[in-house]
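Data block below; observations after.
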There are 2 protein chains.
Amino acid sequence: MGRGHMARRNTNRRVGIADVAEKAGVSHATVSRVMNGNAAVDPGIAARVRAAAVELKYQPNPVGRSLALGKTDTIGIVVPDLANPTFQAILRGLSIAAAQDGYRVLIADSSEVTSEEAILAGEARRRCDGVVLCAPRMGDAELEELAPTLHPLVLINRTTIATNTPSLSVDYGQGIQELAQHLVTLGHRRLAFLSGPEHSASNRQRLVGLDQFRAEHPEIELQMLHGGSNFDSGHESTEAIIASGATGILAFNDLVAMGLLSGLHERGVRVPEDISVTGFDDIPFAKYTTPPLTTAAVPINELGSLAWRRMREQIQQAGETTTQAQDEFPPRVEIRKSTAAPALTPAS
Amino acid sequence: MGRGHMARRNTNRRVGIADVAEKAGVSHATVSRVMNGNAAVDPGIAARVRAAAVELKYQPNPVGRSLALGKTDTIGIVVPDLANPTFQAILRGLSIAAAQDGYRVLIADSSEVTSEEAILAGEARRRCDGVVLCAPRMGDAELEELAPTLHPLVLINRTTIATNTPSLSVDYGQGIQELAQHLVTLGHRRLAFLSGPEHSASNRQRLVGLDQFRAEHPEIELQMLHGGSNFDSGHESTEAIIASGATGILAFNDLVAMGLLSGLHERGVRVPEDISVTGFDDIPFAKYTTPPLTTAAVPINELGSLAWRRMREQIQQAGETTTQAQDEFPPRVEIRKSTAAPALTPAS
DNA sequence: ACGCTCTGAGAAAACGCTTTCTCATGATTC
DNA sequence: GAATCATGAGAAAGCGTTTTCTCAGAGCGT
């Protein structure tokens, strides 16, 4: 009666620690102790408690635990677009690796809306023990400001000036140069780059890489065409590509390349006989296009699991602000069937 | 001093409701009231509190809120394999729809390990306000037993006997029959079905559909070949398919069909001239294979968002155990270029 | 001017757990 | 046999909120 005014709810409530305690004839504290194996508790009592727990099917309430322990065993990931296979693969790798250590992942999709990123990341951080920010589109200044507030943070495809947040990145500049070089080695002299999203840092890196390539190969023509990041944009660029007269096409990524492949096929342009096409990322599908796509492979699966490892390191060494690993992966050119020597008599 | 033995941590702690209360010269309760806009509070005081909140950048701790409110504003989803584009699309649709209502999603990948499903689902449920179980591989009995304990639950690709848990399903049996019919109409007389995972309910539905098809078309030869659910299994089946002598192949899903397409291409078998191939699901890539894949389109994007809608309905009408919607989607045959009339003089 | 209702703010309980503090019991030692 | 110590269990504080309860004071009618 005098137990409190909220006793009414006790009827249809979930079984709690108190129920187990009562059934086992001990206190809450003892139940907690045996559930967590913390302090030494008399084996007999422990057994009694465990029996009561299984009988009542007691499962500790994670929210209560989180509040008491100050951790949620959950990490958040924010991605620009969950439809992108690259991010899907990272998410998957992260999720599986985290699960192995008993962590779960909460997802947030910013749908390429730059202004949402900071908000989503903040919310995720408050709910989770850490956040991985995947290819954020926000500006450098904003990122620099946001990073410290997110602290257990790992960055993918971006870096901060302060080196105390680990980052994972792919050397897109290097990769695109190698692909260009591959085409030149085959004999191509007229190339075109089908560029990606404006705010994508990885797109900028490709452009920088291509600038360098141009400087080293002044004899090669290299056109820049505006594109996007998905099939449809690749497909839509078909006419522009044909009109460009280029024989070697560097697509922003595999998706764009696949869209283009499809468009060229429809137009009766043969790949690689008439035009060579390269992708980027080596998504699982790249191996199965017709023809199989020459691309620069980024270790898409490792990225997710390494992100988790970096996150775990930070969570464990809580507090110590040491400088963190800045991992950079070199892409590996994967030569398949979508590239070949150009026809002997080019159209020009 | 006498405030308690845990006062030490107060230094580097996050700003809490108490800090705001102190700064504004009011009590916690009042801060809570203005933050939640619940009870009426004097406009002057409210303004003061709000000012203090923004100045301190106060953001309520979600774990504390969750404990007090008994809800987490999070739902869980458990999928058999995050690498499967179908599940990725569902996840994405779910996530985006839920986000619109201020909910987040926690993911759990069972990696096709049947025995993990129940555990993952239970854990997810305890952390979240509801769970969507996506194409669970567990047996009917186990599912039936588990369902009530998960309660705000929505099932995808499975149903329970008790109709109080909403389910979303696709009529795979119907879809596969229509695809078979399509092939027959084109003139094919020798078909083969490349089947999927043993424990997949949707695979069983396809088999049932094909049994019916056989009954209605005794004159058609229909072989059953063992396969899997991803490209590689499709690719590996290439030889068996060629050996079968069938001219019309019904692949378990688009992934398998794509693997097969690639394998046939390598072997110099022309599609659709020599062999026709169909997929299932109409994943985004299906439109861009060479040749574009004839398949049965399931409304993959709607599935996720509808799942959220059904979940929301349950969360809102908390308690009332009415019977829930059992949505069934008819697949729509999408005829592309991977199917055509068989050659006039079949090999047999 | 008195008593009544009403508004609104603070005190405190509650959410479900972990962990420190405290103290009783039984074992150990001289 | 008494003092010391180790062991282990219960009481209670604490995690950060929300919400009920309670009550002071303002406004109103008669």
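Residue numbering restarts at 1 for every chain, and letters A, B, ... go by the order of the sequence lines.
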- Task: Under the side chain to side chain donor-acceptor pair (under 3.5 Å) rule, collect the residues that match up with A:Asn61, sequence neighbours excluded.
- Result: none
- Not counting sequence neighbours, which residues clear side chain to side chain donor-acceptor pair (under 3.5 Å) with A:Arg48? List them please. none
- Taking the side chain from A:Ser66 and the backbone from A:Pro62, do they hold a donor-acceptor pair closer than 3.5 Å? yes
- Mapping A:Ile45 and A:His28 onto DNA chain D by nearest heavy atom, which one lands closer to the 5' end? A:Ile45
- Message: Expressed as a whole number of angstroms, how long is the span from A:Arg33:CZ to D:dT7:P?
- Response: 15 Å
- Message: In this structure, how many angstroms lie between the C1' atom of C:dA14 and the CG atom of A:Leu67, rounded?
- Response: 12 Å
- Task: Starting at atom CG of B:Asn61, determine the distance to atom P of C:dC15, rounded to an integer number of angstrom.
- Result: 19 Å
- Task: Name the nucleic acid region contacted by B:Val63, choosing base, sugar-phosphate or nothing; use a 4.0 angstrom heavy-atom cut-off, strictly under.
- Result: nothing
- Applying side chain to side chain donor-acceptor pair (under 3.5 Å) to A:Ser95 and not counting sequence neighbours gives none
- Message: Return whichever of A:Gly25 or B:Gly64 has its heavy-atom-nearest nucleotide of DNA chain D closer to the 5' end.
- Response: A:Gly25
- the helix from C:dA1-D:dT30 to C:dC30-D:dG1: angle between end helix axes, five pairs per end, rounded to 10 degrees: 50°
- Task: Could you say whether B:Val26 or A:Pro62 is positioned toward the 5' end of DNA chain C, judged by the nucleotide with the nearest heavy atom to each?
- Result: B:Val26
- Side chain of A:Leu69 (C-beta onward), nearest among C:dT19, C:dG16, C:dA9: C:dT19
- Task: In whole angstrom, give the distance that lies between atom CD1 of A:Ile17 and atom P of C:dA14.
- Result: 18 Å
- Protein-nucleotide distance (B:Gln59, atom CD; D:dT17, atom P), rounded to Å: 11 Å
- Task: Output all residues satisfying salt bridge (charged side-chain N to carboxylate O under 4.0 Å, His left out) with A:Glu55, sequence neighbours left out; order by chain, then residue number.
- Result: A:Lys23
- Query: Below 4.0 angstrom from OP1 or OP2 of D:dG16, is there any side-chain N or O of B:Tyr58?
  - Reply: no
- Task: Mind calculating the distance between CD (B:Glu22) and P (C:dG10) to the nearest angstrom?
- Result: 13 Å
- Query: Quick one: ring pair (Phe, Tyr, Trp, His ring centres under 6.0 Å) pairs with a partner in residues 87-139 of chain B, sequence neighbours left out?
  - Reply: B:Tyr103-B:Trp308
- Query: Can you check the A:Arg65 CZ to C:dC17 P distance for me, whole Å?
  - Reply: 10 Å
- note: A:Asp42, atom CG; D:dG8, atom P; distance rounded to Å ~ 7 Å
- Message: Within the 4.5 Å heavy-atom criterion, are B:Gln314 and B:Pro166 side-chain neighbours or not?
- Response: yes
- Item | Below 4.0 Å: OP1/OP2 of D:dG10 and any side-chain N or O of A:Thr30 | yes
- What is the nucleic acid contact for A:Ser32, judged by heavy atoms within less than 4.0 Å: base, sugar-phosphate only, or nothing? base
- Task: Give the nucleotide from the list C:dA9, C:dC15, C:dT18 with an atom nearest to the side chain of B:Ala68.
- Result: C:dC15
